[in-house]
Enquirer: 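First, the structure itself, so that you have it in front of you.
Letters go in sequence order (proteins before strands), and every chain restarts at 1.
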Amino acid sequence: MAADPRFHAAAGPLPLSRLAEVAGLAVPEGAGDRLFSGVGTLDAAGPDEVSFLDSRRWISSLKQTRAGAVVLAVEHAAAVPEGCVALISPAPVLSFARIASVLHPPEAPGGARHPTAVVGEGAQIGEGCEIGAYAVIEEGVVLGPRCIVGPHAHIGRNCVFGADCRILSHVTATHCLAGDRVTLNPGCRVGSEGFGFATGPRGEHVTVPQLGRVILEDGVEVGANSCIDRGSGNDTVIGPGTRLDNLVMLGHNVRTGRGCVIVAQAGISGSTTLGDFAVVAAQAGLTGHLTIGAKARIGAQAGVMADVPAGMDVLGSPAQPVRDAMRGYAALRKLGQAKAAAAAEKKTSD
Amino acid sequence: MAADPRFHAAAGPLPLSRLAEVAGLAVPEGAGDRLFSGVGTLDAAGPDEVSFLDSRRWISSLKQTRAGAVVLAVEHAAAVPEGCVALISPAPVLSFARIASVLHPPEAPGGARHPTAVVGEGAQIGEGCEIGAYAVIEEGVVLGPRCIVGPHAHIGRNCVFGADCRILSHVTATHCLAGDRVTLNPGCRVGSEGFGFATGPRGEHVTVPQLGRVILEDGVEVGANSCIDRGSGNDTVIGPGTRLDNLVMLGHNVRTGRGCVIVAQAGISGSTTLGDFAVVAAQAGLTGHLTIGAKARIGAQAGVMADVPAGMDVLGSPAQPVRDAMRGYAALRKLGQAKAAAAAEKKTSD
Amino acid sequence: MAADPRFHAAAGPLPLSRLAEVAGLAVPEGAGDRLFSGVGTLDAAGPDEVSFLDSRRWISSLKQTRAGAVVLAVEHAAAVPEGCVALISPAPVLSFARIASVLHPPEAPGGARHPTAVVGEGAQIGEGCEIGAYAVIEEGVVLGPRCIVGPHAHIGRNCVFGADCRILSHVTATHCLAGDRVTLNPGCRVGSEGFGFATGPRGEHVTVPQLGRVILEDGVEVGANSCIDRGSGNDTVIGPGTRLDNLVMLGHNVRTGRGCVIVAQAGISGSTTLGDFAVVAAQAGLTGHLTIGAKARIGAQAGVMADVPAGMDVLGSPAQPVRDAMRGYAALRKLGQAKAAAAAEKKTSD
């Protein structure tokens, strides 16, 4: 099944030689001139489409694929069916991503400003920016060249975005300084007031003014309906290339390193720091003021209440090193079974 | 307490005979002409209001209700107080829903297009549609008859919606094909870019173009601020009559069957499939590439990392069959108590 | 580091005597005339800024601070470095909040109505309200004096807000009656249709009309992208001074008492009641129809399926009293270790 042209641009047909070149891959002799128009999964791709294999799990799909070419690791090349070109890659998904981006290039900014867009005094809109209907860009905002601002996006006073940013439909961004190539997906909230208050003698909650900012370094991507609160005094800082999935919550003063990955519905409380390339899986929660080391991985639904050393994988709530958590689960299962056996025996003997 | 007329339309007063007819229920002799204006809970309903009982739990409220009529199962009829009409139903809440919908009909589309709505070139707006202020409907969109598009809703290029859909305030819908009677509640995001990327040798994340769509079958309802990512290559497909609560997250390529129920803050990772009438309770999480059988039920906060057979109920994180999870909890509680007893003894003997 | 003037207003410099007065604190002799311009953390504040210490944890930062004054408890006063004024407070964060609010006053409503704001027939806008670009205020809405309505905010028909409310960017509020000083942060949804339906014989889900409202008492604050469904028959009621963090979900008919705190990504199912000053920590989930007593505290990620007495702290999923939960965790850890030891021994003896 080809990508639906109503929704996805297509640049093809393009010769395989060009696609392979983009991904830095070798083309088998004689295949370089074959033309390709799109990409698809092994099950759905046709003869003019490129597919990929990223795991032995799909090897039976590979054997039956109608795809014209498949990107895959050398050890799976023997399973490629006749007539299908094998593009050998040490990193098949990465190579596939590069090929797919050439066949289906991401939407470029159109360069137009919708007449309904409200742009405040002193705002500087870079060359080639596209501004959608009913966008509100307040006074003093600076947008670098080639940004896309979606319909209804709201960029608050004096925010700064670098080049090639995408601030999509219904985003709110305030108190925010962003680098280049930052993507804010629909409905995310960047720079909202953090959850900071003190409680008085009669139980009344008094807001502590939240006086920091949000710094989004180059290449940061924030998922739909996610929230990043601004710092309370220091800043909230999202490191270069860090990616947040949808419905993620980052509290005030959180800092992430380079290339972190935070999966859907995870939440990180105030002032916790993630080292470079740390991963927080879906629905995990981290309390505040923690230090998570570089390349640490927090499992799905984990509840982290203590620092995690660099490179460690943790799981469970409360979180433990993965091996310990697994042993605990096994022990618990065994206990449950023992209980069941005892119950069964009791029933028999009654 | 009657429904506040500032917020809810009322069609009454209507005779009980008409209401009973709508729900397919019998009216006790002589009660058919009694007039009713609204509905209410057992505690709050008055003599001109209809109430219902769905559980023995509320039987004491039933005995004291001032409601003029109560829909309930035959086994509770004896507890209905004097002067209150018992409407016997095998499915009291279902019957009540039908009666309430007649007394308080849902808002019908007004048929007007607010002058500020932006409608793109070639968009086809069906007869009787209501388009709210500042709605943005991009080029090529097709809306069936009698749709309601709320204020600030954003419908992306070439999306298709069938008849009687409601795309409410602040919704973003892109890359989306929807059937009839689809409801998108405020702030939900349908069709956003999925969380798909490959990671290069220096830790850089490279987006894999997300080239699929979202298919919403007839009668799908999506809760406020929920997110459904579009497919990465294949489509994300939500089956007929499936209902999502608020703040739910569905990753790319998720497929649900007919009539599934996904409760608030639950999340389903990419490419997982739910069979017909499967239920995912609140805050549960499912990893990717799983197959959940028809009528399986995933408990609240469960963490599902393996396929679940049809009809099975699971609980816990990691999820187990309910009985096993319950035994595990009991065993753990006992262990905790043993530990407490040992600690107490030690303290005594010190 | 001073608060960035691009994003945060500053009222200083102000004499310390004035700041101390606001917080009800004594100023050491001779220090009253020193001028202060802002606030900052111990590590970042400079000589013209006020900082605070709320925990012994940061005592080493205190010893090296360059702050001109520090609010702290009497027992930490000895660690204040020379040249820094100690402002002794029994509640340092509370006092600091008051001082910070004077130096950096919250944005006051500008009093202007953006020409693009749509205000429906019969709506009453109080004196001094500020209405942002593309805000939609439907017919019959009542706003008290000095409210701020952000860009793209949508206030549905006949909603009522008291004085000094903030309904920020991209909010949807419908079926809602609010008191004074209510804050709705960006993207929250108040008054959406609850998740109420009955299921028919062929598995079809039939909506039960949701006929209640949302009542927000004085001083309620709702976080970004949070959702509060309207009542199904009775109302959803959020008690005075209650604060919700971001991405929180409250189902229909939930009631909270005075001053409750509900942290990010927590969810409370329909008809559950929280007593005064109850706290629900991040990612916790409560099933429906529960009664949580006053000052009870629900731990992060807890799963609450039964009533919780007043003043009790619970933890875990399923939730138990904290001490029991902790014992269970310890027992489980021990079991895991025993299993590990047995495995190690077996390996050695092999």
Enquirer: So for Q210(B), is it side chain, backbone, both, or neither that comes closer than 4.5 Å to the heavy atoms of chain A?
Expert: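 Looking at Q210(B), just its backbone touches chain A.
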Enquirer: Does a side-chain heavy-atom distance below 4.5 Å link R98(A) with V206(B)?
Expert: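 The answer is yes; the side chains approach within 4.5 Å.
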Enquirer: Does any backbone or side-chain atom of S192(B) lie under 4.5 Å from a heavy atom of chain A? Answer side chain, backbone, both or neither.
Expert: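 Interface part for S192(B): side chain.
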Enquirer: Please flag which part of P151(A) lies under 4.5 Å from any non-hydrogen atom of chain B: side chain, backbone, both or neither.
Expert: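 The side chain, not the backbone.
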Enquirer: Would Q283(A) and Q301(A) count as having a side-chain donor-acceptor pair, cut-off 3.5 Å?
Expert: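 Distance-only check passes for Q283(A) and Q301(A).
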Enquirer: Are more than 12 heavy atoms, taken from residues, nucleotides or ligands other than R297(B), located less than 6.0 Å from that residue's CZ atom?
Expert: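 No, CZ of R297(B) has 12 or fewer neighbouring heavy atoms, counting only those of other groups under 6.0 Å.
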Enquirer: Is it the backbone or the side chain of V160(B) that comes under 4.5 Å from a heavy atom of chain A, or both, or neither?
Expert: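 Looking at V160(B), just its side chain touches chain A.
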Enquirer: For R323(B), is it the side chain, the backbone, both, or neither that has a heavy atom closer than 4.5 Å to a heavy atom of chain A?
Expert: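 Looking at R323(B), nothing touches chain A.
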Enquirer: Assess whether ring pair (Phe, Tyr, Trp, His ring centres under 6.0 Å) is satisfied between H170(A) and H154(A), documenting all intermediate values.
Expert: CA-CA 7 Å; H170(A) 284 114; H154(A) 169 218; over 10 Å; no
Enquirer: Are side-chain N/O atoms of T183(A) and R166(A) paired as donor and acceptor at under 3.5 Å?
Expert: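 Per modelled atom types, T183(A) and R166(A) side chains form a pair under 3.5 Å.
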Enquirer: For residues T172(B) and S169(A), is any side-chain donor paired with an opposing acceptor at under 3.5 Å?
Expert: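 Yes - a donor-acceptor pair under 3.5 Å links their side chains.
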Enquirer: Would you say the side chains of D229(B) and N246(A) form a donor-acceptor pair under 3.5 Å?
Expert: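 Yes, side-chain donor-acceptor contact under 3.5 Å.
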Enquirer: Under 3.5 Å, is there a donor-acceptor pair linking the side chains of H252(B) and T236(B)?
Expert: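 T236(B) and H252(B) do not have a side-chain donor-acceptor pair below 3.5 Å.
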Enquirer: Tell me, side chain or backbone of C159(B) under 4.5 Å from chain A's heavy atoms, or both, or neither?
Expert: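 Looking at C159(B), backbone and side chain both touch chain A.
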Enquirer: Given a strict heavy-atom distance threshold of 4.5 Å, which part of A91(A) is in contact with chain B: side chain, backbone, both, or neither?
Expert: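 Looking at A91(A), nothing touches chain B.
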Enquirer: For S232(B), which atoms come within 4.5 Å of any heavy atom of chain A: side chain, backbone, both, or neither?
Expert: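 Neither part; nothing is under 4.5 Å.
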Enquirer: Name the region of L177(B), side chain, backbone, both or neither, that has any atom closer than 4.5 Å to a heavy atom of chain A.
Expert: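 The side chain, not the backbone.
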Enquirer: Indicate whether any N or O donor in one side chain lies under 3.5 Å from an N or O acceptor in the other, for R243(A) and T207(B).
Expert: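 Result is yes, a qualifying pair exists.
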Enquirer: With a 4.5 angstrom heavy-atom cut-off, which part of E138(B) approaches chain A: side chain, backbone, both or neither?
Expert: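 Just its side chain gets close to chain A.
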Enquirer: Which answer fits C188(A), side chain, backbone, both or neither, if we ask what part of it has an atom under 4.5 Å from a heavy atom of chain B?
Expert: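 C188(A) has no heavy atom closer than 4.5 Å to chain B.
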Enquirer: Contact part of S226(B) toward chain A, heavy-atom cut-off under 4.5 Å: side chain, backbone, both or neither?
Expert: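 Just its backbone gets close to chain A.
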Enquirer: Between T174(B) (side chain only) and G191(B) (backbone N and O only), is there a donor and an acceptor less than 3.5 Å apart?
Expert: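 Indeed, once roles are kept as given, a pair shorter than 3.5 Å links the two residues.
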Enquirer: Checking R258(A) against chain B: side chain, backbone, both or neither under 4.5 Å from a heavy atom?
Expert: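 The answer is neither part of R258(A).
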Enquirer: Using non-hydrogen atoms and a 4.5 Å limit, figure out which bit of A300(A) sits close to chain B: side chain, backbone, both or neither.
Expert: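 Answer is neither: A300(A) stays 4.5 Å or more from chain B.
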Enquirer: Could you look at N185(A) and say if it's the side chain, the backbone, both or neither that has a heavy atom under 4.5 Å from chain B?
Expert: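 Interface part for N185(A): side chain.
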Enquirer: Does any backbone or side-chain atom of L103(A) lie under 4.5 Å from a heavy atom of chain B? Answer side chain, backbone, both or neither.
Expert: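 Contact with chain B involves no heavy atom of L103(A) at all.
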